[in-house]
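Atoms within each ligand, like the ligands themselves, are counted from 1 in listed order. Index from 1, following the sequence. All of these numbers come straight from a predicted model, not from anything done at the bench.
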Amino acid sequence: MNYSGVIYRYWEYLPLSRDIEVTTLLEGNTPLIEADNLRRELGAPCKIFLKFEGTNPTGSFKDRGMTVAITKAVLDKAEAVICASTGNTSASAAAYAAKAGLKAFVVLPKGKTAIGKLAQALIYGAKVIEIEGNFDDALRIVREIGEKTKVVIVNSINPYRIEGQKTASFEIIETLGSAPTHHSLPVGNAGNITAYWKGYVEWAARHGTSLPKMLGFQAEGAAPIVRGKVVKKPETVATAIRIGNPASWKQAVQSLGESDGRIDIVTDRQILSAQGLIASTEGIFCEPASASSVAGLKKLIRRNYFTQKDTVVCTLTGNGLKDPDTAARDVPPPLKAKPHLSDVLRLMKLK
Ligand code: F0G
């Protein structure tokens, strides 16, 4: 198949006309992997599939939305774009802006952005501004810049981002032949859970498919939706979802309500343990935030939430290579040997 990215693939579902110039890095078309080893390890009665978004061009799901947002910005003759970010949005915005020849500004919380993501934003040529504050502070500032200047905001408060991100639901239904019964996602700024639900609903309206229950998971120290109040100082090892006042809070709650889903908390320990388990059982290296979808799944399996008839999709939102420091911290260090055969063999402990 001659694949040309999510806009060409799903044009009739997007608010764009056919005769425009498209900015794409051939995002989307990501693997949906059946996770039988993980299923066995978790003692799950249901089928488990992992939608690995880490294979997108900049290594996260943000590229699905960014192709649409940047294509629209070019159409509107924008000269520059801006976003607040915990890292992935900034990497994606910087890359698509580079491809489109637009200037990009990104505002990041200082010292809390994974090194891979920061390196991406810088090498793609964005102007990177670090603030002494968190993501919520950064987004507040970016919103004001959007009101006071002509710079286009490409956070998920830009509806074109959500439009692009909903295409992941389409791919899942097309691969499985139907919608899953449940869909599990990490929740940060809450745009993605909103986008997936929009995708499932729109596909159902056209094709009569069923709808999944949406399952969202927030980190214990950054769980405003679960707690029902803004978290002033969010903290979690999963820096991608270190957010205390999500922009799409209302939409996320609506998606959860309409789908008869639920939102819950996972601890940092559970997140890191799930990250290791996904890697060691399925050979998939995702970033910590992504693993909260599986950490949450594990929690619900323990509560006998699922049955044999269920099919669960967990989205692994980003690539583990973006945040190698966190991963390397949580595993045993390499063994050390002298440069001799005997010493290496001794450490291998073959029988
Ligand atoms: N997983 C990863 C890897 C993310 O980068 C994000 C959000 C999420 C999950 C949560 O998605 O915000 O739509 O609920 N990252 C944003 C960023 C905030 O700036 O890169 P959400």
Side-chain angles (χ1 to χ4, degrees), residues 51-56 58-66 69 82-95 106-109 112-114 116-118 120-121 126 128 134-139 142 153-158 161-162 164-166 168 183-199 214-219 222-226 234 236-253 255-256 263 266 271 274-275 285-296 314-323 326:
K51 181 72 169 162
F52 186 40
E53 291 287 284
T55 65
N56 274 300
T58 77
S60 88
F61 70 96
K62 306 286 181 181
D63 296 344
R64 293 180 182 278
M66 208 54 75
I82 189 166
C83 66
S85 183
T86 55
N88 281 323
T89 300
S90 67
S92 187
V106 310
V107 187
L108 304 175
K112 293 291 179 181
T113 311
K117 301 174 189 179
L118 181 60
Q120 284 181 290
V128 177
N134 59 35
F135 171 86
D136 304 296
D137 298 318
L139 186 57
V142 163
I153 300 176
V154 292
N155 279 105
S156 57
I157 54 174
N158 177 333
R161 280 275 314 281
I162 303 289
Q165 282 173 214
K166 76 185 180 189
H183 193 119
S184 177
L185 285 160
V187 175
N189 212 24
N192 210 27
I193 194 163
T194 303
Y196 267 93
W197 179 242
K198 189 168 198 289
M214 302 303 293
L215 308 173
F217 295 97
Q218 298 195 294
I225 301 179
V226 178
T236 169
V237 70
T239 52
I241 53 172
R242 188 175 166 272
I243 294 174
N245 188 13
S248 298
W249 189 326
K250 252 202 252 149
Q251 296 89 321
V253 168
S255 309
L256 290 159
I263 185 153
V266 285
I271 289 171
Q275 185 192 22
F285 186 21
C286 68
E287 63 174 290
S290 309
S292 44
S293 62
V294 171
C314 297
T315 300
L316 302 180
T317 45
N319 198 306
L321 294 170
K322 283 170 171 281
D323 189 2
T326 304

Exercise for the section: At a heavy-atom distance under 4.0 Å, which protein residues reach ligand 1? Sort them by chain and number, would you? Expected result: Phe61, Lys62, Ser85, Thr86, Gly87, Asn88, Thr89, Pro186, Val187, Gly188, Asn189, Ala190, Gly191, Asn192, Ala240, Ile241, Ile243, Glu287, Ala289, Thr317
Problem - Check: Gly191 main-chain N/O paired with Asn189 side-chain donor or acceptor under 3.5 Å - result: no
Handout entry: Pairing residues for Lys117 by the salt bridge (charged side-chain N to carboxylate O under 4.0 Å, His left out) criterion, not counting sequence neighbours
Key = Glu287
Exercise for the section: Kindly say whether Ile241 contributes a backbone atom to a donor-acceptor pair with the side chain of Thr86 at under 3.5 angstrom? Expected result: no
Completion exercise
Rounding to 0.5 Å, atoms CD (Glu53) and SG (Cys286) come to a distance of 12.0 Å
Problem - Heavy-atom donor-acceptor pair, Arg242 side chain to Ala222 backbone, under 3.5 Å - result: no
Practice task
Please examine the side chains of Asn56 and Lys62, heavy atoms only from C-beta on, and report whether any two atoms are closer than 4.5 Å.
Solution key: no
